[in-house]
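Encoded as structure tokens, the structure appears first; notes follow it.
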Amino acid sequence: MATRVKRKTDTGLKAWEHPKGSGITIREVVNTRGDKAYDASYRVIVPSKITGKQRLFKQFKEETKAFEWADEQFKGSQLEGADYFKITDAQRTEIRSAFEILDQYGLGLLEAVEFAAPRMKPIGGERTFGDVVEELKEVKLRCNLRESTLKDFRLRTEKLKDLFNNALLKDLTKEQLESTIDGLKNAQNDKPLGPRSKKNYLMVIAEIYRFAISKKYVVENPLTTLDKAERKALVGDEGESKDPTILSVKEAESLLKAAHENQNLDLLAPIVLALFCGLRTGELKNLQWKHLHIEDEAEPFVQIPRGLGKG
């Protein structure tokens with residue numbers, strides 16, 4: 001089974017070279033506790049000429065286990081050379097277990113690692129939901145956006161930050177995001193949000209994830225996997241986009257009458273401009289008196305500068 005190299009006659013401890021001619025040695029070692037010897041174990045030494053780096057040591061209680069391990073190291077070095085020693089025994093055991101799991105799914109080890117690694121340890125580093133929101137907010141401030149746009153983003157993201165606390169963005173799941181949006185309530189009346197508000201929150205979350213993906217903080221937005229039915233269940237029927245409709249004369253008359261009777265709402269002028277000048281909501285919100293030219297009562301007009309409806 002083994003070739004004895006020498007016997008230490010002064011102590012009676014044994015040493016072998018195994019396999020013969022391999023350079024791997026097995027030495028009997030006396031275990032001690034304090035100044036007392038209590039039993040022997042067997043230390044295997046794989047020399048640096050085999051490992052390609054420093055010597056490798058491993059100790060066993062049983063002689064047969066020491067010889068078996070020495071055999072494994074020699075066979076591995078014969079098959080793979082120094083590459084065999086780039087991974088540990090513990091890693092080999094883990095690899096075997098990994099293959100048993102992957103085989104059940106028909107996946108390869110490299111395929112699974114390439115998928116999992118950037119999701120578990122993002123290339124750009126780990127960031128909390130709040131970290132990414134604040135970073136994106138700084139970018140928006142430098143873009144010279146309208147105050148109303150910044151305010152809307154700030155209000156929505158602050159509510160989301162309160163709910164997600166310091167959760168890592170990479171760890172948030174589709175289910176968490178769905179249930180959070182579904183559970184949001186109106187601050188004024190504590191009622192569930194309507195479809196339009198839910199859609200707005202979906203858009204804000206999508207914007208946050210697009211930014212995070214560009215920074216390699218995450219690989220994907222979990223909500224992109226929402227199918228049509230799931231999105232409809234979350235947002236509701238009223239959240240679906242509808243084609244523009246034209247008011248009848250009677251409907252327009254009722255609208256003007258209501259605006260006239262409730263002048264404290266300051267809606268009469270915007271409604272007149274919308275109905276008779278075709279101004280859009282964004283244009284009405286940003287309109288200023290300098291854009292109205294009513295000096296000539298015969299031919300008054302509204303000037304719409306480029307970009308007026310954008311915010």
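Keep in mind the model is a prediction, meaning the values are calculated, not measured.
Closest heavy-atom contact between L234 and L202: CD2-CD2, 4.2 Å. In this structure, N221 and I213 approach most closely via the heavy-atom pair N-CD1, 3.9 Å. Of all heavy-atom pairs spanning A82 and T51, the tightest one is CB-O, 3.5 Å. The two residues L169 and Y209 have their closest heavy-atom pair at O-OH, 3.5 Å.
Between I26 atom CD1 and Q59 atom CD the span is 12.0 Å, to the nearest 0.5 Å. Atom CG of L172 and atom CZ of F164 lie 5.5 Å apart (nearest 0.5 Å).
Side-chain N or O atoms of Q176 include one that pairs as donor or acceptor with a backbone N or O of T173 at under 3.5 Å. Without hydrogens or angle criteria, N262 side chain to L265 main chain gives no donor-acceptor distance under 3.5 Å. Not a single donor-acceptor pair under 3.5 Å links the side chain of E17 to the backbone N or O of I24. Panel note: side chain Q263, backbone H260; a donor-acceptor pair is recorded below 3.5 Å. Of the possible polar contacts, none joining the K170 side chain to the G125 backbone as a donor-acceptor pair under 3.5 Å is found.
A salt bridge does not link E80 to K86: none of the charged nitrogens lies less than 4.0 Å from a carboxylate oxygen. Look at R210 and E207 and you find no salt bridge, because none of the NZ, NE, NH1 or NH2 atoms lies under 4.0 Å from a carboxylate O. A salt bridge does not link E72 with K75: every distance from a Lys NZ or Arg NE/NH1/NH2 to an Asp or Glu carboxylate oxygen is 4.0 Å or more. Between D182 and K198 there is a salt bridge, with a side-chain nitrogen of the basic residue lying less than 4.0 Å from a carboxylate oxygen of the acidic one. Look at E28 and R43 and you find no salt bridge, because none of the NZ, NE, NH1 or NH2 atoms lies under 4.0 Å from a carboxylate O. Between R119 and E114 there is no salt bridge, since no side-chain N of the basic residue sits under 4.0 Å from a carboxylate O of the acidic one.
Taking the six-membered ring where the residue is Trp, H18 and F67 present perpendicular rings, their angle passing 60° and hence far from 30°. Ring geometry for F60 versus W69: interplanar angle of 30 to 60°, hence tilted.
Annotation for K65: atom NZ does not count as buried by contact number, only 12 or fewer foreign heavy atoms lying within 6.0 Å. Environment of CG in D39: crowded, with over 12 heavy atoms of neighbouring residues, nucleotides or ligands closer than 6.0 Å. Other residues, nucleotides and ligands contribute over 12 non-hydrogen atoms within 6.0 Å of the CG atom of D162.
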Practice item. Starting from the C-alpha separation in whole Å, work towards a yes-or-no answer on salt bridge (charged side-chain N to carboxylate O under 4.0 Å, His left out) for K250 and E253. Key: CA-CA 5 Å; K250 187 174 182 178; E253 182 182 359; over 6 Å; no
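Cluster annotation: V29 and V44 are assigned to distinct hydrophobic clusters (Ile/Leu/Val/Met/Phe/Trp/Tyr, side-chain heavy-atom contacts under 4.5 Å, transitive). Hydrophobic clustering, with ILVMFWY side chains joined whenever heavy atoms are under 4.5 angstrom apart, groups V139 together with V218. Each of I208 and V219 belongs to its own hydrophobic cluster when Ile, Leu, Val, Met, Phe, Trp and Tyr are linked at side-chain heavy-atom distances under 4.5 angstrom. A single hydrophobic cluster is seen to contain both L226 and L177, as judged by linkage of ILVMFWY side chains at heavy-atom distances under 4.5 Å, directly or through other members. The hydrophobic clustering, which links ILVMFWY residues whose side-chain heavy atoms are closer than 4.5 Å, places F276 and L247 together.
Relative to the six-membered ring of Y201, R156 meets both conditions, a distance below 6.0 Å and an angle of at most 45° to the axis. In this structure, K140 forms a cation-pi arrangement with F153, its terminal cationic atom sitting closer than 6.0 Å to the ring centre and no more than 45° off the ring axis.
E111 and Y105 share no donor-acceptor pair across their side chains, judged by distance under 3.5 Å alone. Side-chain polar atoms of N31 and S41 form a donor-acceptor pair below 3.5 angstrom.
Considering only residues two or more places apart in sequence or on other chains, K159 meets the side-chain hydrogen bond (donor to acceptor under 3.5 Å, both in side chains) condition with none of them.
For the side chain to side chain contact (heavy atoms under 4.5 Å, CB included) test with Q91, the passing option among I87, T93, D89 is I87; the others fail.
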